[in-house]
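First listed ligand is number 1; within each ligand, the first listed atom is number 1.
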Amino acid sequence: MTTMSMKKGVQPVLTMILVLLVAAAPLFMSPSNVQLFIFWGINILLAQSINLLSGLGGQISLGHAAFYAIGAYVSAIFMVRFGFPLYVTILLSAAVNALVGFLVSFPAGRVREFYLAMMTLGFGFVIEEIIKEWSSVTGGVMGLSGIPSPKLGTMLLFGIKLNLIHYYWIVFLVVALIVWMLRNFVQSYYGRSFLAIHRSELSASSIGISPGRVKQLAYTMSACLAGIAGALYAHLMAYIGANSFGMMQSIEILVMGILGGFGTIIGPILGAGFLTFIANKLQFIKDYQLMIYSLLLVISFLFIPRGFAGLLGIRTALSKEKRLQKVKPISEVKPLRIPGREARTLSCSPHHKVLKVEGVIKDFGGLRALQHVSLELGQGTILGLVGPNGSGKSTLVNVISGVYPVTEGKISFGKAEITNMPTHAIAGQGIIRTFQDPHNVGNMTVKENLLLGKHQKYQSGIVSCVLNLKSSLLEEQEMLVKVHEMMELCSLAQYSEELVENLPYGVQRMVEVARAILAEPELLLLDEPAAGLSEHEMQELSKLIRYVKTLGISVILIDHHMEFLMGLIDEVIVLDSGKMIYSGDAQGMQTNQQVIEAYLGVANHA
Ligand code: ADP
Ligand code: MG
């Protein structure tokens with residue numbers, strides 16, 4: 001038996017023992033300690049809720065206790081007024097909160113940073129005020145009492161009078177289930193899209209991730225989790241009042257997440273534990289709570305920016321590769337080349353125009369960066385785009401990819417007009433671009449970044465990903481095969497598990513280009529991909545671009561290295577001060593007087 005399979009055999013046994021220990025623990029504890037552990041469970045949900053929204057999705061929330069409050073009140077009210085059982089009221093809390101979160105995502109999704117902080121702060125206050133003022137429903141400032149509670153033995157479930165230990169088991173089950181689902185989520189293409197949006201909306205959009213969709217999902221899920229926490233809290237306490245859900249609680253939620261370690265699954269569990277148990281010991285300095293929390297935040301930011309999880313060197317993997325061995329060995333899965341590509345390459349014709357740019361003007365204030373630029377690009381053609389610095393090359397790529405709106409003119413791709421469409425929608429049409437300075441997700445590994453390139457090709461639904469259904473695992477497997485193939489092709493395999501931000505510039509560039517190719521574009525826009533590459537890396541890149549061409553993908557290639565370009569391009573366009581001064585084949589360009597004066601003279605000299 002190999003160590004590997006031995007480990008596999010041992011793991012479920014260990015998990016079993018752990019579960020039994022945790023389940024048996026309350027039998028040997030005082031009621032106050034049992035309650036403390038229940039609080040830990042509730043706090044884990046809160047910390048995971050903020051982790052999902054801020055840690056993963058990058059959306060600040062300073063009023064998170066509002067979601068917690070809504071969950072608590074919904075569950076309490078439905079049980080007190082209508083006598084609904086616990087499992088129904090928890091689900092109702094989750095559903096109502098999901099709806100509220102979804103609605104909040106629309107205004108919140110439109111603002112960033114400071115404004116988002118202010119907006120969420122305001123949201124927290126508004127909900128707090130509504131609770132205080134809407135006394136006929138919420139009990140107003142007097143709060144809501146008489147909530148059926150296991151602590152008082154006033155709650156029935158399936159005819160059983162619940163006690164605190166039962167409640168501990170319920171909370172434990174709910175938390176375990178949710179943490180498991182969250183881990184599955186984080187390790188799916190959904191989780192990766194959250195982190196991509198967090199790092200750079202622009203770069204995420206460029207591979208087809210919709211920032212709006214991600215934010216809707218982030219707010220919906222995060223609110224839903226906080227709602228479940230609220231429901232569990234209300235029934236533990238038997239009484240709830242607006243004071244439990246104020247600013248202080250919002251800060252506490254943030255501290256748990258940040259101190260524990262945003263972006264991981266273990267971190268928020270640790271952060272929640274720390275605050276639950278330490279705060280309890282510090283009851284006597286409750287007056288200084290806000291001060292202590294602030295201090296904790298400062299300390300965390302200064303000394304352990306990645307929280308306890310960072311301190312312990314824990315990082316949550318963002319793919320299910322480790323789990324996939326159980327599904328099917330990678331080698332057994334048929335390597336999937338870009339589907340349909342081979343067939344298309346045969347019928348691919350440069351006469352078939354994929355991209356049409358017609359009379360595009362782009363003004364930046366008084367500066368006209370593009371002046372009536374028109375071009376047509378044939379299928380499977382590599383078009384070089386050259387010109388002196390500041391001549392508008394990047395701007396052209398930016399308007400084609402929807403990063404900037406055009407001032408005038410029309411851009412069509414295939415049969416569709418794409419002028420001024422949002423970047424992610426243009427990527428959805430099959431135009432993928434890279435940036436002059438590489439835009440990868442620095443805190444993801446090379447493999448995870450490349451998986452991001454596949455984002456648009458995933459079809460599994462969120463339920464399937466969260467429950468690790470076989471179809472979603474197989475899909476992830478398929479994508480991983482392609483990613484591994486690509487890593488081989490671009491000599492990236494050795495860096496597979498390394499964080500991109502730690503890698504040399506040349507490798508980062510290759511990662512971005514490889515990620516773009518994995519997106520299976522129809523048109524690839526490469527903005528100075530060879531800048532800063534070594535001679536050897538440039539050859540690798542040439543090889544890669546040639547490979548792309550054999551797949552029938554059209555390419556617009558910006559670069560200054562004439563030798564590099566000449567070996568690759570079919571046609572070339574020269575820009576000077578936003579004007580197209582040459583369009584034709586590469587040989588013609590080299591003898592064109594205007595081009596020599598405006599660009600080549602300078603380039604050769606350089
Ligand atoms: P290139 O890529 O050919 O070096 P760019 O397309 O980046 O040139 O820039 C073309 C001109 O447009 C330059 O004068 C540049 O300063 C200007 N420009 C580019 N982007 C912006 C922007 N976001 N705001 C204002 N001016 C810009
Ligand atoms: Mg540029």
Side-chain angles (χ1 to χ4, degrees), residues 112-113 200-206 211 355 357-375 377 382-409 411 418-423 426 431-440 505-506 508-510 512-513 516 523-533 538 541 545 555-562 564-565 568-569 571-583 586 589 592 594-606:
R112 288 197 192 119
E113 286 149 21
S200 160
E201 283 188 28
L202 182 59
S203 133
S205 311
S206 77
L355 178 76
V357 175
E358 296 167 72
V360 162
I361 295 177
K362 175 64 193 171
D363 289 337
F364 291 110
L367 177 93
R368 183 149 287 188
L370 293 175
Q371 315 194 22
H372 292 282
V373 173
S374 299
L375 63 91
L377 181 62
I382 303 184
L383 172 71
L385 183 55
V386 299
N389 280 330
S391 58
K393 304 180 298 293
S394 293
T395 304
L396 183 57
V397 164
N398 282 331
V399 294
I400 294 173
S401 60
V403 173
Y404 296 145
V406 302
T407 307
E408 245 177 66
I411 304 171
I418 56 164
T419 327
N420 297 347
M421 269 182 15
T423 301
I426 290 179
I431 301 183
I432 303 289
R433 53 94 41 101
T434 65
F435 294 82
Q436 196 166 340
D437 49 323
H439 273 49
N440 298 299
Y505 189 77
Q508 296 198 15
R509 274 221 172 281
M510 278 308 254
E512 199 193 17
V513 174
L523 168 61
L524 186 60
L525 310 173
L526 301 174
D527 194 347
E528 301 201 20
L533 295 196
M538 241 193 271
L541 183 65
I545 295 174
V555 180
I556 296 184
L557 177 59
I558 300 181
D559 218 277
H560 291 295
H561 304 83
M562 278 304 142
F564 169 76
L565 272 185
L568 288 169
I569 57 180
E571 293 163 21
V572 63
I573 281 178
V574 185
L575 287 180
D576 183 34
S577 306
K579 271 206 277 301
M580 215 163 85
I581 57 168
Y582 178 85
S583 158
M589 172 188 77
N592 183 292
Q594 209 180 352
V595 177
I596 293 171
E597 271 166 33
Y599 178 57
L600 288 181
V602 191
N604 287 339
H605 186 66

>> Does the plane of the ring in His560 sit parallel, tilted or perpendicular to the ring in Tyr599? Use 30° and 60° as the thresholds.
In response: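 It falls in the tilted class, 30° to 60°.
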> Where does the angle between the aromatic ring planes of Phe435 and His439 fall among parallel (under 30°), tilted (30 to 60°) and perpendicular (over 60°)?
Replying inline: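 The rings of Phe435 and His439 lie parallel, inter-plane angle below 30°.
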Can you see which heavy atom on [X] is nearest to which on [Y], and at what distance?
X      : Y      : answer
Thr423 : Val403 : OG1-N, 3.6 Å
Asp576 : Ser391 : CA-CB, 3.9 Å
Met538 : Leu533 : CE-O, 4.0 Å
Lys393 : Leu385 : CD-O, 3.7 Å
Asn592 : Gln594 : OD1-N, 2.9 Å
Arg433 : Ser401 : NH1-OG, 3.1 Å

Report every pair formed by an N or O atom of ligand 1 and a protein N or O atom separated by less than 3.5 Å, giving atom names and the distance to 0.1 Å.
from: ligand 1; atom 1: 2 (O); to: Ser394; atom 2: N; distance (Å): 2.9
from: ligand 1; atom 1: 2 (O); to: Ser394; atom 2: OG; distance (Å): 2.8
from: ligand 1; atom 1: 3 (O); to: Ser391; atom 2: N; distance (Å): 3.2
from: ligand 1; atom 1: 3 (O); to: Ser391; atom 2: OG; distance (Å): 3.4
from: ligand 1; atom 1: 3 (O); to: Gly392; atom 2: N; distance (Å): 3.0
from: ligand 1; atom 1: 3 (O); to: Lys393; atom 2: N; distance (Å): 2.8
from: ligand 1; atom 1: 3 (O); to: Lys393; atom 2: NZ; distance (Å): 2.9
from: ligand 1; atom 1: 4 (O); to: Gly390; atom 2: N; distance (Å): 2.8
from: ligand 1; atom 1: 6 (O); to: Ser394; atom 2: N; distance (Å): 3.4
from: ligand 1; atom 1: 6 (O); to: Thr395; atom 2: N; distance (Å): 2.8
from: ligand 1; atom 1: 6 (O); to: Thr395; atom 2: OG1; distance (Å): 2.5
from: ligand 1; atom 1: 8 (O); to: Gly392; atom 2: N; distance (Å): 3.4
from: ligand 1; atom 1: 23 (N); to: Tyr404; atom 2: OH; distance (Å): 2.9

> How about the Mg ion (ligand 2), which protein N, O or S atoms come within less than 2.8 Å?
Replying inline: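 As for protein N, O or S atoms lying under 2.8 Å from the Mg ion (ligand 2), they are Ser394 OG, Gln436 OE1.
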> Does Pro405 offer a backbone N or O that forms a donor-acceptor pair with the side chain of Lys362 under 3.5 Å?
Replying inline: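 Pair found, side chain donor or acceptor close to backbone of Pro405.
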